[in-house]
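Scroll down for the structure; my scribbles are underneath it.
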Amino acid sequence: MKQAHCIYQDDTHRWLAIARDPTKPGYIIDTNEYVVVHGEEALLCDPGGIEIFPAVFSALSAECDPTRLAGIFASHQDPDIISSLALWLEFKPDLKCYTSWLWQSFLPHFGGQDSTFVTIPDPGMTIRLGGLELQAIPAHYLHSSGNFHLYDPKAKILFSGDVGAALLPPDHNELYVEDFSRHIRHAEGFHKRWMGSDRAKRDWCERVSRLDIDMMVPQHGAIYQGADVQRFINWFAALEVGVLRG
Amino acid sequence: MNAPERNLHFTSTNSGELARIVRVNEEIKAIVATAFRINLMALNAIFLAKRAGNAALGFGVLSNELRRFAQDLTRHMASLRDMTSGSVGSVTGVVQQQRNSAILAAAIRLSGDGVPGVREARKRGATRLAEQQAKLRTLDMRLRASVEETQQLVELGGVLARSAKIEAAYGGGFSPALMQVSTDFAEVIAQIKRSLEILGKERLVKD
Ligand SMILES: [Fe+2]
Ligand SMILES: [Fe+2]
């Protein structure tokens, strides 16, 4: 059962993780969705695919008022990220969808109108949510050519999209990474194959190393916290990416 | 348990509506092809009448009329085809709206009652669906009216074919050849009538 877990709270400022769903059929990749709540407004990060919309909607509604959703942050254009867009708009037609300018004319194939999309320029931008300033951090070519992560400097949380993703076996349902070296084995194949650019990877590692991060929350797999965040960055920096096999 | 539900897949009962449009289009295509054949047959008949000379003057006039009929029929079918291709958009809208509403309803069921905003969302969806269905019904009415008009035109074609048969009897030495041509006309027109009957029974929306 998909459930929303509160992973950060400071007064009305919260991060909810709608983590993996063990009851989901195996042919659909498992995803995590995250909700940033600040005051009266909420932002949903990578809302997921059409198939899991009911599960995400109900998990979100259990923890926060869905009418407060002000926007959706789409790290990139993949179906497991944003194919549910039309359904969220069905619920709330005035939702804004923040995404790379690159996907502005592609995402309407999933739903929405011109006024739905707020495009993020390549260097990134600030996204305001009920007085909170979130940063869209460039992560281009990791893996999508127009790709952003979302950093919350107050909560010190980095939503890292597909970076940090691990394709965990069905019996690994832990919310947080418990044993980094055991965990990272499930991330290796994914990063080698999906991440296409070594240069982009090194840029990203440098960029996020300068950020103060307590938690790195990926779209697939478990959450990295504390020292595991830097451990991941170091591991990723050393990893050979853009390889077909091996 | 909130795993994706099987009924969220593309098994909407309304996928039948797209299949109906396909059937309508196929029938229209068949009539267009037949109209093209009448046009060619009429051209041949005109030449034949010319060769028969004075004995087939009446037949020649009728062949010209039949040719004009084939051209009118082609125009009618073109406008029918425009209508059906327009209806593909409307049907897709209805199917999409119904699917979205069904998934949202599943989400609301899972969330339990009392989630803010769901009643408004449901109402909006129902309104949009009603609008799209009304649009489709209007298109359906226009399509039926247009089929009826075409049926009247084809009645006229039938009369022309019968008259051609009578004229053929006066064709002298050319009589057997003219008779054959007018019998072919009558057969082809009967075929169009059958297609139009099928078309008249098809509905873009269920009553
Ligand atoms: Fe992706
Ligand atoms: Fe993904």
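Order of the sequence lines fixes the chain letters, A, B, ..., with proteins taken first and strands second; residue numbering starts at 1 for each chain. Computed from a prediction, not measured in an experiment: that's the story for all the values here.
Around CZ of F106(A), the count of heavy atoms belonging to other residues, nucleotides or ligands within 6.0 Å does not exceed 12. Counting non-hydrogen atoms of other residues, nucleotides and ligands closer than 6.0 Å to NZ of K135(B) gives a total of 12 or fewer. The number of heavy atoms from other shown groups lying within 6.0 Å of CZ (R119(B)) does not exceed 12. The number of heavy atoms from other shown groups lying within 6.0 Å of NZ (K154(A)) is above 12. The 12-atom threshold is not exceeded at CG of D114(A), counting heavy atoms of other residues, nucleotides or ligands nearer than 6.0 Å.
The CG atom of N100(B) sits 5.0 Å away from the CD atom of E90(A) when rounded to the nearest 0.5 Å.
Evaluation of the salt bridge (charged side-chain N to carboxylate O under 4.0 Å, His left out) rule for R124(B) yields no partner, not counting sequence neighbours.
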Please lay out, stage by stage, how V118(B) and F57(A) fare under the test side chain to side chain contact (heavy atoms under 4.5 Å, CB included).
CA-CA 11 Å; V118(B) 294; F57(A) 182 87; 4.2 Å; yes
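For a heavy-atom cut-off of 4.5 Å, chain B lies close to P66(A), T67(A) in residues 66-80 of chain A.
Contacts with chain A were tallied for Q97(B), E120(B), R122(B); Q97(B) has the most, counting heavy-atom pairs under 4.5 Å. Note on G117(B), A121(B), S111(B), S101(B): by heavy-atom pairs under 4.5 Å with chain A, the leading option is S111(B).
For R128(B), the part lying near chain A is the side chain, with the backbone staying farther off; criterion is any non-hydrogen pair under 4.5 Å.
Of all the heavy atoms in L110(B) and A55(A), the pair that sits closest is CD1-N, 4.0 Å. Residue F91(A) comes nearest to P116(B) through the heavy atom pair CZ-O, 3.4 Å, listed as atom of the first residue, atom of the second, then distance.
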